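In what follows, chains carry the letters A, B, and so on, assigned in the order in which the sequence lines appear, proteins first and then strands, with residues in each chain numbered from 1. Here the structure is a predicted model, which is why all the values come from computation and not from measurement.
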Amino acid sequence: MPKFGFIVRDFLKDLNNDQLKAVDVTEGPVMVIAGAGSGKTRVLTYRIANLLQKGVDPFNILSLTFTNKAAKEMKERVMQLVGDHEGRNVWMGTFHSVFAKILRIEGKHLGYPSNFSIYDSDDSKKLIRSIISEKSLDTKVYPYSYVANRISMAKSSLVSPEAYAANAEIITADESARKPEIKNIYNTYSNRLRRADAMDFDDLLFNTYLLFSKFAEVLLKYQRKFKYIMVDEYQDTNHAQYLILKKLAANTENICVVGDDAQSIYGFRGANITNMLNFKHDYPDYKLFKLEQNYRSTKNIVEAANHIISYNKDQIKKKVWTNNDKGSLLGFIHASSDNEEGNLVANSVFELKMNNQLPNSDFAVLYRTNAQSRSMEEGFRKLNIPYKIYGGTSFYNRKEIKDLLAYFRLAINHNDEDSLQRSINTPARGIGKTTMEKITVAASEHDVNMWEVLNNLEKYGVNLNSGATTKITNFSTMIKSFAAEMKKKDAYELARHIAISSGILKMYREEDTPEGISRVENIEEALNGIKEFSEKGAEANEGDLEHQGTLEEFMQDVALLTNQDNEDEEDKDKVTLMTIHSAKGLEFPYVFVVGLEENLFPSIQSIATRSELEEERRLFYVAITRAEKHLTLSFAESRYRWGQFTITEPSRFLDEIDDSLIDRPKKTILRPDKGGDLFGNEAAVVLPKRNLKPVSSSGAGKSFEASDTGGLQTGMKVEHPKFGKGKVMVVEGNGPNKKATVFFNGVGQKSLLLRFAKLKIIG
DNA sequence: TCCGATCTATTTTTT
DNA sequence: ATAGATCGGA
C-alpha cells in the first residue's frame, strides 16, 4: 500500500509530461538532460518521493549532489513531500561527504584508521610546497599550485604515483615542460599523506574507488545498500566519480543521472562531459528524458541564454523554451571603473527595490572571481544595503580558526603532521625551527611519523638540550590529555578547554590590535558553533551514524563544510554576492552579472583553447540563467587588478548577445576603433588586446615568442608584438611589479609591466 | 628566539 | 593590496 499516496499524487499534477516520465520510471538506468530552470531538482525530489511511496526503504536510496547546499535543499524538499521521518533516512550528500563516511567505516581495509584527517586544499598545497623545498627544487620551475593541480588531475583520473611514473605520455609531457620531478613530488606527497593518516579531497574519491575495486565483499555490501542511486549535476563528475558510480550501480542498474552539458563548468578540475556521452554505452537500454521547458526566466532571458550557448560547438542538441512573459530587456551598465561599477550596481538595486518594493534577497550580484566582491561591497555599503558574500576565504580557513582546529585534529589523530607543525609552536612555546628541523629529518630518515619521533627522541637519535626536550614532552603530554578527554567531554566543553589551555585564546587576546580582537571574536564564534552542535545532539542528518556530540564527530563534519553551508537567520534578507561557480543551481528574481571584460570574463587563463573558451561561455550561460525576472550585464573600462590599474576591453560575450535583447547604446561607443592610447595615460598598463585583425589563432603564439625578461637591463633592445622594436630606458620594481620603460621606434616611450608585456630580447 | 623589514605569490572557478 | 613567507639583525 502506498504510504503517502495522497501527497505525492497531489504533487504529480504539478509535473509536466517529461518531468512525470522521469519521475515515473524508477527501475533501470535513466538519464535526464535538464535545461536550465527546467525543474531538475523537482524531478529528483519527486523521484525520491515516488520511490518511497512505492515502498522502497529510505536506507536503500542514495542521492548524490555536488555541494552541501544542494544536498541540504534536496533533503528539505524531500522531507516536505514525505515527512521528516522517512526523508531523514535517505542518504543525501555530496560525493565527498558520503564517501568520507564510507571510508571512516571501511578504511581499515586500505590501512586507514577511522579517525583519519581530511586535508583541505590549503593543507595539501602547504604539504606540496614543503616537499618541493625539501627536494631543493626551484620554485620558479615548480610553482606549487601548478604541481598541486597536476597531482590533483592525476588523482581524479585514478592515476596513482606508480601509474604516473609508468605512464609514458605523462612523463613525456612533464619532461617537455621541463618539470620531470613532478612524479617524485607526487610520490612523496602520497607517502606523506599516508604517514599522517590523512586524505586530501581527491583521496576521498580515489580510495573509495580502490576500496570497491579491491574488496568485492565491501562493494557488495554497498551495492545491496544503495539499490537506487540518483546523481545531480552529472555533467560535473570526474573520472573517479564516474567509475565509482558504475561499480555501485552494477547490480541493480537503478541509476538516474541528471545533468546539463551546457552547465558543465568544472572541466578545469577534471570534470568530464564525456561521462554523459558514455552513459548510453554503459547502459544501452537506458531511458533518456529531456526537460526543455524553462519555468524560471522570462523569454528575453531564455533567448539571450540560447543565443550565447549557440556559439559553442560542443553541445548536446536541445531547445530550451519558456511559456513565461517576454519580460523587460536585459539591462546594461557601462562604468568607467570597478569602483563606479560597484556604485552603479548598488544604485540600480536601490532603485529597483524602492520602485517595486522588493526585498534585498531578490537580488544577486555574480562575478567571475572572488576579488571582484570588494568594489561591489563598497557600493552597497555606501547605500546601506545589506549584503552577504559567499566564498572567498571560508570561515574555517581563517588563520586563527585553523590554529585552533589544528589542536582538535591533532588530539583526534596524533599522526596528523600538518596539524602538529601548525600547533607545536603556536602560541610560541620555545620549540623553534632548529628543533623541528631535527625532528623532521629524523622522521624522514626512519620513515616514521613525527609524533612517533617526538615521543621517542632518543630512539631516533634526536639530540636536543634538556630544555627543548622538556618543552616537547610537555606539548606531547598536553595533546594526550586532550585526547583522553575526547570521549568524556562533549564537543563544546572540550573545545573550550583546548582553546584555553593550549594558550591560543590568550595569545590572540594579548595581541590587543583590532585584528587580534576580531580573531578572538572568530574563535568565540567557532566555539559557539560547536556549542550549537553539541546541544543539537542527534540531528542524524546523514544516514545511520550514531551521533553523540563529541568533538571528533564535529571535526568529521567540519572538514567538508564550506562557508556556504551555514546561513544565519539574520542573513535572510540580504543581497547575495557570489561567484558564478557558486551560484550554480540557484535562482534570483534580479541578477547582475558584473565585470564583463576581456581577460577577466572570459578569464585570461582560458582563452587559449576552444574548449577552455567554451567552458567560460557555459559559465556565462549559467550566470544568465540564474535570473528569473531581470538580468543586468555590467562592464567597467578600468579596474584594479593585482593592485595595478588596468584598462580593460568589453567582453566578447557582450557581442554575442543579440542587440534586440539588450538595452544599451550602440556598440561603436563600446569599442572605439582606436589603439590602446585612447586614454592617453602612460602609466596605465594596457592588457594585451584581443586580436582585432584576423590572426591565425594557433599560429599567434608561434610567430612571436616572448623571452624570459627576468634579467632585463637598461640599454637592451627588445621587441614587442604590438609596438615593435625598442630600447629599454629604465628597469624598476621587483617581482610581479617589475616594470620597464621602453622607447619604441615610431611609437614613443611606454611603461610596461613585465608580468604582462610580451617582450622578446633581441640584443 | 624573536621581531621587524622585505620579498613573494596570489586572482579562476570548489569539494 | 595584501597576507604570508623569508631574511637579517638584536
Chemist: Taking atom P in both B:dT11 and B:dT15, compute the distance separating them and give it to the nearest angstrom.
Modeler: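 Between the two P atoms, the distance is 16 Å.
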
Chemist: For the pair made of CD1 in A:Ile128 and P in C:dA5, what is the distance, rounded to whole Å?
Modeler: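 Answer to the nearest Å: 16 Å.
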
Chemist: State which of B:dT14, B:dT10, B:dT1 makes the closest approach to the side chain of A:Ser145.
Modeler: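 The answer is B:dT10, which lies nearest to the side chain.
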
Chemist: Let's see if you can work this out: which of B:dC2, B:dA9, B:dT14 has an atom nearest to the side-chain heavy atoms of A:Tyr144?
Modeler: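 Selected nucleotide (nearest to the side chain): B:dA9.
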
Chemist: Is any N or O donor-acceptor pair between the side chain of A:Arg269 and the base of B:dT14 shorter than 3.5 Å?
Modeler: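 Result: at least one qualifying N/O pair found.
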
Chemist: Using a strict threshold of under 4.0 Å (side-chain N to carboxylate O), is an ion pair present between A:Lys40 and A:Asp260?
Modeler: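 Salt bridge flag = no for A:Lys40 with A:Asp260.
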
Chemist: Salt-bridge test for A:Arg269 and A:Asp236: reply yes if a basic N is under 4.0 Å from a carboxylate O, no otherwise.
Modeler: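 No, A:Arg269 and A:Asp236 are not salt-bridged.
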
Chemist: B:dT14 C1' sits how many Å from A:Leu560 CG, rounded?
Modeler: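 Whole-Å distance recorded here is 12 Å.
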
Chemist: For the aromatic rings, using the six-membered ring if either is Trp, is the centroid distance between A:Tyr144 and A:Tyr146 under 6.0 Å?
Modeler: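 A:Tyr144 vs A:Tyr146: aromatic centres not under 6.0 Å.
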
Chemist: From the options C:dG4, B:dT15, B:dT14, select the nucleotide whose nearest atom is closest to the side chain of A:His581.
Modeler: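 Side chain of A:His581 sits closest to B:dT14.
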
Chemist: Side chain of A:Ala428: nearest nucleotide among B:dT14, B:dT11, B:dC2?
Modeler: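 Taking heavy atoms from C-beta onward, the closest nucleotide is B:dC2.
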
Chemist: Under 4.0 Å, counting only non-hydrogen atoms across every strand here, what does A:Phe601 touch: a base, just sugar-phosphate, or nothing?
Modeler: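 Answer is nothing: A:Phe601 stays at 4.0 Å or more from every strand.
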
Chemist: Roughly, in whole Å, what's the span from CD1 in A:Ile118 to P in B:dT15?
Modeler: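 Result: 14 Å.
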
Chemist: Go through B:dT15, B:dT11, B:dT13 for me and flag the one nearest to the A:Gln605 side chain.
Modeler: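 The answer is B:dT11, which lies nearest to the side chain.
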
Chemist: C:dA1 C1' sits how many Å from A:Asn370 CG, rounded?
Modeler: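 In whole Å, C:dA1 C1' and A:Asn370 CG are 15 Å from each other.
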
Chemist: State whether A:Asp418 and A:Arg192 are salt-bridged, where the test is any N-O pair (Lys NZ or Arg NE/NH1/NH2 against Asp/Glu carboxylate O) under 4.0 Å.
Modeler: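 Looking at A:Arg192 together with A:Asp418, the answer is no, because their closest N to O distance does not fall below 4.0 Å.
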
Chemist: By the 4.0 Å heavy-atom rule, please label A:Tyr367 as base, sugar-phosphate, or nothing.
Modeler: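 Result for A:Tyr367 = nothing.
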
Chemist: Using a strict cut-off of less than 4.0 Å between a Lys/Arg side-chain nitrogen and an Asp/Glu carboxylate oxygen, indicate whether A:Asp120 and A:Lys402 qualify as a salt bridge.
Modeler: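 Yes.
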
Chemist: Does A:Thr435 or A:Phe201 map to a spot on DNA chain B nearer the 5' end, using the closest nucleotide for each?
Modeler: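 Nearest-nucleotide comparison on DNA chain B picks A:Thr435.
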
Chemist: I want to verify a distance call: between B:dT14, B:dC2, C:dG4, whose nearest atom is closest to the A:Lys399 side chain?
Modeler: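 Nearest listed nucleotide: C:dG4.
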
Chemist: Rounded to whole angstroms, how far apart are CZ on A:Arg422 and C1' on C:dG4?
Modeler: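 Interatomic distance, CZ of A:Arg422 to C1' of C:dG4: 11 Å.
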
Chemist: Can you tell me how far P of B:dT15 sits from CE of A:Met153, to the nearest Å?
Modeler: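 Result: 17 Å.
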
Chemist: Determine the contact category for A:Arg429: base if any of its heavy atoms lies under 4.0 Å from a base atom, sugar-phosphate if only primed atoms, P, OP1 or OP2 are that close, otherwise nothing.
Modeler: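 Since no nucleic acid heavy atom lies under 4.0 Å of A:Arg429, the category is nothing.
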
Chemist: Quick one: label A:Tyr640 by what it contacts on the DNA or RNA (base, sugar-phosphate, nothing), any heavy atom closer than 4.0 Å.
Modeler: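 Result for A:Tyr640 = nothing.
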
Chemist: How many Å lie between CG on A:Asp122 and P on B:dT15, as a whole number?
Modeler: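 Whole-Å distance recorded here is 13 Å.
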
Chemist: Is the distance between the ring centroids of A:Tyr367 and A:Phe592 under 6.0 Å?
Modeler: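 Aromatic pair excluded; centres sit 6.0 Å or further apart.
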
Chemist: Rounded to whole Å, please give me the gap between CZ in A:Arg129 and P in B:dT8.
Modeler: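 For the pair A:Arg129 CZ and B:dT8 P, the rounded distance is 13 Å.
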
Chemist: OP1 or OP2 of B:dT13 less than 4.0 angstrom from a side-chain nitrogen or oxygen of A:Ser606, does that happen here?
Modeler: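 No, because none of the side-chain N or O atoms of A:Ser606 sits under 4.0 Å from OP1 or OP2 of B:dT13.
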
Chemist: For the side chain of A:Thr67, starting at C-beta, report the closest nucleotide among B:dT1, B:dT13, B:dT15.
Modeler: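 Of B:dT1, B:dT13, B:dT15, B:dT15 is nearest to the side chain of A:Thr67.
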
Chemist: Please determine, for the side chain of A:Phe268, which listed nucleotide (B:dT13, B:dT14, C:dA5) has the closest atom?
Modeler: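 The answer is B:dT13.
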
Chemist: Can you work out whether A:Asp202 or A:Glu616 has the more 5'-proximal nearest nucleotide on DNA chain B?
Modeler: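 Looking at the nearest nucleotide for each, A:Glu616 comes out on the 5' side.
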
Chemist: Respond yes when some side-chain nitrogen or oxygen of A:Asn68 is under 4.0 Å from OP1 or OP2 of B:dT15, and no when none is.
Modeler: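 Answer no for this pair, as no side-chain N or O of A:Asn68 is under 4.0 Å from OP1 or OP2.
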
